[in-house]
Amino acid sequence: MKQIILLLLTTSLCMISCEYFTSGRQFYEKGLKFYELSDGGDVYSTPELEKAIENFEKSIKKGFKERDVFDKLTWSYRILNQDNKNMERVYSLALKNFPNDIEFYFRRGDSRKELQKYKLALEDYNKAILLDKERKYEYINSAFYERGAIKYILGDTVNANKDRDIAKSITDHKLRTYKDYCKLWK
């Protein structure tokens, strides 16, 4: 009995101390391996994505702040279960470290739109558009279109249609009317 208790105690201490001495970069690299293992082409493996998320979260808590860890963590939440609440949280953390990242503002705006936090989503789309003065961001047309959708939802149809016109002028895709598109959130 003493041997079993000693073995359990030793194992517990090793697990605690091993995590204590593991760096943020090491957690990130471990998370990246699980992230890559999860990708089965058409389908993602849930257990591996959950392990990737766990390690990416630990990586950030340990002070690892490279852009890719935030990007992979949010995509893991998206792929796993469209967890917009956690995606919004992680994008907010990312923006503390990358305050001029157009994509993080755009993506957080998308998460906030899904959470029906329309005024906050509008602020994020505004910021993404403001930061991309040269309109080089690959989804700038979507930023204008989504900002217009939020304006439409909030009752500002005149300015919503102006944004839709801008989006139409910089894309070759056909765009749905806001009356049709915004049914998804009302």
Residues Leu49, Thr46; criterion side chain to side chain contact (heavy atoms under 4.5 Å, CB included); working and verdict: CA-CA 5 Å; Leu49 268 177; Thr46 298; 5.7 Å; no

Test side chain to side chain donor-acceptor pair (under 3.5 Å) applied to Tyr125 and Asp110, step by step: CA-CA 9 Å; Tyr125 293 132; Asp110 284 348; 2.5 Å; yes

Test log, rule side chain to side chain contact (heavy atoms under 4.5 Å, CB included), inputs Phe144 and Arg135: CA-CA 11 Å; Phe144 276 104; Arg135 295 192 180 165; 3.5 Å; yes

Criterion side chain to side chain contact (heavy atoms under 4.5 Å, CB included) on Phe56 and Phe27, from CA distance to verdict: CA-CA 6 Å; Phe56 291 146; Phe27 278 121; over 6 Å; no

Evaluation steps, side chain to side chain contact (heavy atoms under 4.5 Å, CB included), between Tyr152 and Tyr181: CA-CA 10 Å; Tyr152 183 88; Tyr181 180 66; over 6 Å; no

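Between Ile166 and Ser169, the closest heavy-atom pair is O-OG, 2.7 Å. When all heavy atoms of Asn141 and Ala167 are compared, the closest pair comes out as O-CB, 3.4 Å. Considering all non-hydrogen atoms of both residues, Gly148 and Ala160 come closest at O-CB, 3.1 Å. The nearest pair of heavy atoms linking Ala52 to Phe34 is N-CB, 3.7 Å. Between Ala121 and Gly109, the closest heavy-atom pair is CB-O, 3.5 Å.
The local environment of NZ in Lys62 is crowded, with over 12 non-hydrogen atoms from other residues, nucleotides or ligands closer than 6.0 Å. More than 12 heavy-atom neighbours from other residues, nucleotides or ligands sit within 6.0 angstrom of CZ on Phe98.
Applying the salt bridge (charged side-chain N to carboxylate O under 4.0 Å, His left out) test to residues at least two apart or on different chains, the pairs with a partner in residues 163-178 are Arg147-Asp163, Lys151-Asp163, Arg176-Asp180.
Under a 3.5 Å cut-off, the side chain of Asp39 and the backbone N or O of Tyr35 do not form any donor-acceptor pair. Between the side chain of Tyr178 and the main chain of Tyr145, a donor-acceptor pair closer than 3.5 Å is present. Between the side chain of Ser76 and the main chain of Lys72, a donor-acceptor pair closer than 3.5 Å is present.
Rounding to the nearest 0.5 angstrom, the gap separating the CD1 atom in Ile60 from the CG atom in Leu73 is 5.0 Å. Separation of atoms CD1 (Ile102) and CG (Leu130) is listed at 9.5 Å; rounding is to 0.5 Å. Rounding to the nearest 0.5 Å places OH of Tyr77 at 12.5 Å from CG of Asn84. Distance CZ/Arg25 to CG/Leu32: 10.5 Å, rounded to 0.5 Å. Between Lys127 atom NZ and Asn100 atom CG the span is 6.5 Å, to the nearest 0.5 Å. The OH atom of Tyr91 lies 9.5 Å from the CG atom of Asp101; values are rounded to the nearest 0.5 Å.
In terms of hydrophobic clustering, with Ile, Leu, Val, Met, Phe, Trp and Tyr side chains grouped at heavy-atom distances under 4.5 Å, Val69 and Trp75 are assigned to a common cluster.
Remark: Arg78 does not engage Glu114 in a salt bridge, criterion side-chain N to carboxylate O under 4.0 Å. Salt bridge annotation for Glu57-Lys61: absent, with no cationic side-chain nitrogen under 4.0 angstrom from a carboxylate oxygen.
Side-chain contact between Leu93 and Arg89: present, with at least one pair of heavy atoms (C-beta onward) separated by less than 4.5 Å.
A search for side chain to side chain contact (heavy atoms under 4.5 Å, CB included) contacts involving Lys117 returns Glu88, Arg112, Leu115, Leu120, not counting sequence neighbours.
No option in Ile79, Leu80, Thr74 other than Leu80 meets the side-chain contact (heavy atoms from CB on, under 4.5 Å) test with Ile53. The only member of Arg108, Lys119, Lys113 that meets salt bridge (Lys or Arg N to Asp or Glu O under 4.0 Å) when paired with Asp124 is Arg108.
Classified by interplanar angle (parallel below 30°, tilted 30° to 60°, perpendicular above 60°), the ring pair Phe104/Phe70 is perpendicular. Classified by interplanar angle (parallel below 30°, tilted 30° to 60°, perpendicular above 60°), the ring pair Tyr139/Tyr137 is perpendicular.
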